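Below you'll find the structure, written out as C-alpha cells, and then a few comments.
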There are 2 protein chains.
Amino acid sequence: MGKQSVTIKDVARKAHFSTATVSRVINHDPKVSRETKAAVEAAMKEMGYRVNTIARSLRSSTTHTVAILSPEFRNDFFMAVAEGIEEELRTEGYTTFILNSRESIEEEKARISLMVEKQVDGAIIIPAGDRGEHYSMLVQEGIPFVLVDRIVEGMQADAVLSDNINGAYQAVDLAIRDGAQRIGCIGGDQKLTSARERYTGYERALRMHGIKVDQRIIAFSDMHADSGYRIMGELLEADPELRYVFAVNLFLHLGAEKYLLEHSIGNLIRFIAFDEALMNIVLSHDYITVRQPLEEIGKTAAMQLLQRIRSTEESPPRICRLQPEIISSGFSK
Amino acid sequence: MGKQSVTIKDVARKAHFSTATVSRVINHDPKVSRETKAAVEAAMKEMGYRVNTIARSLRSSTTHTVAILSPEFRNDFFMAVAEGIEEELRTEGYTTFILNSRESIEEEKARISLMVEKQVDGAIIIPAGDRGEHYSMLVQEGIPFVLVDRIVEGMQADAVLSDNINGAYQAVDLAIRDGAQRIGCIGGDQKLTSARERYTGYERALRMHGIKVDQRIIAFSDMHADSGYRIMGELLEADPELRYVFAVNLFLHLGAEKYLLEHSIGNLIRFIAFDEALMNIVLSHDYITVRQPLEEIGKTAAMQLLQRIRSTEESPPRICRLQPEIISSGFSK
DNA sequence: ATACAATGTGTAATCGATTACATCATCGCA
DNA sequence: TGCGATGATGTAATCGATTACACATTGTAT
C-alpha cells in the first residue's frame with residue numbers, strides 16, 4: 001500500500017549523480033552529456049520514477065493546469081465546448097479541470113476562490129449570470145481568463161462566442177430565399193444576450209427582404225421546451241396560415257415540434273432554429289438549423305488563454321465571434 | 001500583475017507570532033489561545049491570506065482531490081453521474097477533476113498516468129472498455145478507485161451501477177400486466193454487460209409469465225440510433241402485428257421512434273425502454289422507461305471512495321447495484 | 001604558455017506549509 | 001517550597017524539485 005514514491009534523490013543516488021543533474025535530464029537541459037543523460041534515464045526507467053508535479057509546482061509556481069467553470073455538467077453545448085478546450089490544452093501540455101457553478105453566482109464565486117487556491121495558470125468561464133465583479137479576484141491574482149458563450153455586461157475581458165446575429169440572419173435569409181414570406185418567431189428570453197442577438201438577426205433578415213416585422217407572430221418567454229410548446233399554439237392561433245417558424249434555441253424548437261406532433265399537424269411547419277442536437281434522430285421532416293461551432297469555440301478560447309498565459313505583456317481584451325454553419329435539410333439550397 | 005501572494009510567513013511577521021502558530025490557527029489546532037487566534041485571524045483577513053494548497057500537499061502528501069475519468073463529456077448519463085459525485089465530494093471538502101478518456105483504452109491509460117502524477121487521493125472511473133489491467137497502476141500507487149456504470153471483467157474492484165436485470169424485468173413485467181403478450185426486443189450490443197443484463201431481464205419477465213421467447217422479434221446490434229431505426233423496420237416486417245417493443249437504451253429507442261414517424265405508423269407501437277432523457281419533450285404518446293438513479297449512483301460511488309480513502313484497512317471489493325425506477329406514462333398502473 | 005570561453009556537474013538555497021521536539025511559564029498539590 | 005503536569009509558543013527539519021552560483025575540466029586563440 002501507499003508505496004513510497006521514487007524521488008529524484010533516489011535516482012541520483014542510483015545513477016551516481018547529483019539531484020541537479022537528474023533534474024536537468026528530466027527537463028531536457030541541453031548541457032548534460034550524452035552518457036550522463038543515458039545513465040540517468042536508465043536509472044529512472046529502472047526505478048519507475050515519476051516527477052512529483054506538486055513539488056515542481058511549488059518551486060516554479062506554475063501548475064500547467066487550467067480550470068473550466070461551467071454552469072452545468074448536463075448540458076451538451078457546454079460539454080462540447082469543454083471537449084474542444086480540453087483537446088487543445090492537452091496537446092499543449094496542460095491539464096484541464098472542470099468545475100460546476102450550478103447556475104449560481106454564489107457558487108461561481110466559491111469555485112473561483114478554489115481556482116485561486118489551486119493556483120491554476122488560467123481559467124475559461126461560461127458565465128452563470130450577467131454579473132462578473134467577482135472575476136476581479138482572478139485579475140488581482142494575475143490569473144488570465146477567457147469568457148465563453150456569454151458576455152458579461154461591463155466586463156473588460158477576453159471572450160469567444162458565436163456570431164449569433166449573423167447565424168440567425170443567414171438561416172432566416174435562406175428560408176426566405178426558399179420562398180418563405182411570413183416567418184413566426186419564438187424569441188426566448190430577451191434578457192440573455194444570445195437570445196437578443198438571434199432575434200436581431202431574424203429581424204434584420206426580414207427587413208433586408210422588405211418583409212414587415214409582424215408582432216402578432218412573434219413571442220418571447222424563457223428558453224424551455226414548455227414555452228416552445230405553448231407559444232407554437234399561440235402563433236398558430238394568431239395565424240393559422242403560418243408555415244415557417246424561427247426558434248432561438250433547441251428546447252423551444254423541440255417544444256414546438258411536440259405541439260405539432262400532439263395536434264397531428266404533421267409537416268405543416270418548417271422550422272428555422274438554433275442548435276441541432278438530436279435533430280437527425282428525432283425529426284423526419286425538413287428543417288434549417290444554425291450549427292454553432294462549439295468545439296471550435298472551445299479551441300479558440302483555449303488558444304487565446306494560452307497566449308495570455310505565455311505573454312507577460314498586457315494587451316486590450318479581445319472578443320472573438322465565430323461564424324456558425326447553416327444546416328438545411330430538404331430546403332432548396 | 002502576478003501579485004505576490006501573501007504567505008504564512010508574512011502573516012506571522014505582521015501578527016508577531018511564528019509561522020508554526022499561524023499554521024496552527026489555520027488548522028484549528030485547539031492549543032492556541034483565544035487571543036492569539038483572534039490576532040492571527042485578523043492579520044490573515046487584513047492581508048487577504050489564502051493557503052497555498054500546493055505547499056500543503058507537498059508536505060502532507062494528500063491533495064484532497066479526486067479525479068473522474070469519463071469516456072465522453074458529451075453524454076448526459078455520464079455527466080449526471082459526475083454531478084452526483086461532485087456534489088457529494090464537495091461537501092466533504094474534496095475537489096473534483098473530470099478527465100476524458102475519449103472511449104479509448106490508450107487514452108484512459110494516459111489519463112490514469114496523469115492522475116498519478118497529480119497525486120489524486122482517489123479516482124472514480126467510468127470504464128472506456130472491457131479491459132482494465134492498466135488500473136493496476138493505481139493499485140500500485142495505493143490510490144483507491146471505484147468503477148461506475150460498467151464492470152470490467154476479471155477486475156477486483158469496487159463498483160456502483162444500476163440493477164439492469166431487475167430494471168428491465170420490472171418494466172417488461174409492467175407491460176405484460178398491462179396486456180402485452182408479444183414484445184419485440186431491440187437488444188443492442190451484447191458484448192456490453194449492461195445490454196446483456198437488460199436483455200436477461202427482458203427474457204426473465206417473459207418466462208415468468210409463460211410467454212415464449214421468440215427470436216423472430218428479437219435483434220441485436222450496436223447501441224446507436226441508426227440500428228434502432230433499421231431494426232424497428234425488420235421487426236415489423238417479421239411481425240406486422242407487433243404492438244410492444246423493448247429497447248435497451250435511449251438511442252435505439254429514439255431511432256425506432258423515428259422509423260415509426262417516417263412511416264406514419266403513429267402510435268401503433270408502445271415502447272418499453274431504458275433511459276428517458278428528452279422523452280417528455282419528444283414524445284407525445286405512451287411509454288414505459290426505466291429511469292436509472294444516475295446522481296444517486298454518483299453519490300454512492302463518491303461515498304464508497306471516501307471510505308476507501310479514509311480507512312487504511314484493506315477490505316474486499318464491493319459491488320453495489322442501485323434500483324432504477326419505472327416511469328410509465330399512460331400505461332394502466 | 002597564458003588567458004579565457006565553453007562545457008558538464010555539484011552545492012545549497014528556495015518555494016510555503018506542517019509538525020516533532022524543545023522551551024518556558026503557570027498552576028495544582030503534597 | 002518544590003515537583004510534575006499542562007498549556008502556549010517557537011525552532012528548525014522536512015516534503016521533492018528547480019536553479020543560481022561555484023567549480024573543474026577541456027578546448028581555443030594569442
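Please read these numbers as outputs of a predicted model, since none were measured by experiment. Chain letters run A, B, ... following the sequence lines, proteins first and then strands; every chain starts at 1.
- One atom, NZ of A:Lys9, and another, P of D:dA17, lie 10 Å apart when rounded to the nearest Å.
- Minimum atom distance to the side chain of B:Lys31 is reached by D:dA8, of the listed C:dA12, C:dA20, D:dA8.
- Looking at B:Glu87 and A:Arg102, a side-chain N of the basic residue comes within less than 4.0 Å of a carboxylate O on the acidic one, giving a salt bridge.
- In this structure, A:Arg50 reaches the sugar-phosphate backbone alone: every heavy-atom distance under 4.0 Å involves primed, P, OP1 or OP2 atoms, never a base.
- Looking at the side chain of A:Asn27, the nearest of the listed nucleotides C:dT18, D:dT18, D:dC21 is D:dT18.
- The distance between atom NZ of B:Lys37 and atom P of D:dA8, rounded to the nearest whole Å, is 12 Å.
- Residues B:Glu107 and B:Arg111 are paired through a salt bridge, judged by an N-O separation under 4.0 Å between the basic side chain and the carboxylate.
- In summary, B:Asp130 and B:Lys191 do not engage in a salt bridge, as defined by a charged side-chain N under 4.0 Å from a carboxylate O.
- Rounded to an integer number of Å, the gap from CD of A:Gln119 to P of C:dG16 is 9 Å.
- Comparing B:Leu58 and B:Ala20 by the nucleotide of DNA chain C that holds the closest heavy atom to each, the one mapping nearer the 5' end is B:Leu58.
- When the side-chain nitrogen and oxygen atoms of A:Thr21 are compared with OP1 and OP2 of C:dG10, one or more of them lie within a distance under 4.0 Å.
- Checking the phosphate oxygens (OP1, OP2) of C:dC15, no side-chain nitrogen or oxygen of B:Asn52 falls inside 4.0 Å.
- Residue B:Arg34 is the one, among B:Arg34 and A:Ile8, whose nearest nucleotide of DNA chain D lies closer to the 5' end (criterion: closest heavy atom).
- When heavy atoms are screened at a 4.0 angstrom cut-off, B:Val22 is found touching no nucleic acid atom at all.
- Under 3.5 Å, the side chain of A:Arg59 and the base of C:dT14 form at least one donor-acceptor pair of N or O atoms.
- For the pair B:Phe17 CZ and D:dG7 P, the interatomic distance rounds to 18 Å; values are reported in whole Å.
- The shortest distance between the side-chain N/O atoms of A:Thr36 and the OP1/OP2 oxygens of C:dT9 is below 4.0 Å.
- One can place CZ of A:Arg56 at 16 Å from C1' of D:dC15, the figure rounded to the nearest angstrom.
- Contact record, A:Phe73 with A:Met79: O-CG, 3.3 Å, taken as the closest heavy-atom pair.
- Contact check, A:Thr7 against D:dC15: no side-chain N or O comes under 4.0 Å of OP1 or OP2.
- No option in B:Asp121, B:Thr63, B:Leu305, B:Val120 other than B:Asp121 meets the side-chain contact (heavy atoms from CB on, under 4.5 Å) test with B:Tyr94.
- Distance CD (A:Glu35) to C1' (C:dT9): 13 Å, rounded to an integer number of Å.
- Spacing between atom CZ of A:Arg24 and atom P of C:dG8 amounts to 11 Å, rounded to whole angstrom units.
- Contact between the side-chain N/O atoms of B:Ser33 and the OP1/OP2 oxygens of D:dT9 is found at a separation under 4.0 Å.
- If you take CG of B:Asp10 and P of C:dG16, they are 8 Å apart, rounded to a whole angstrom.
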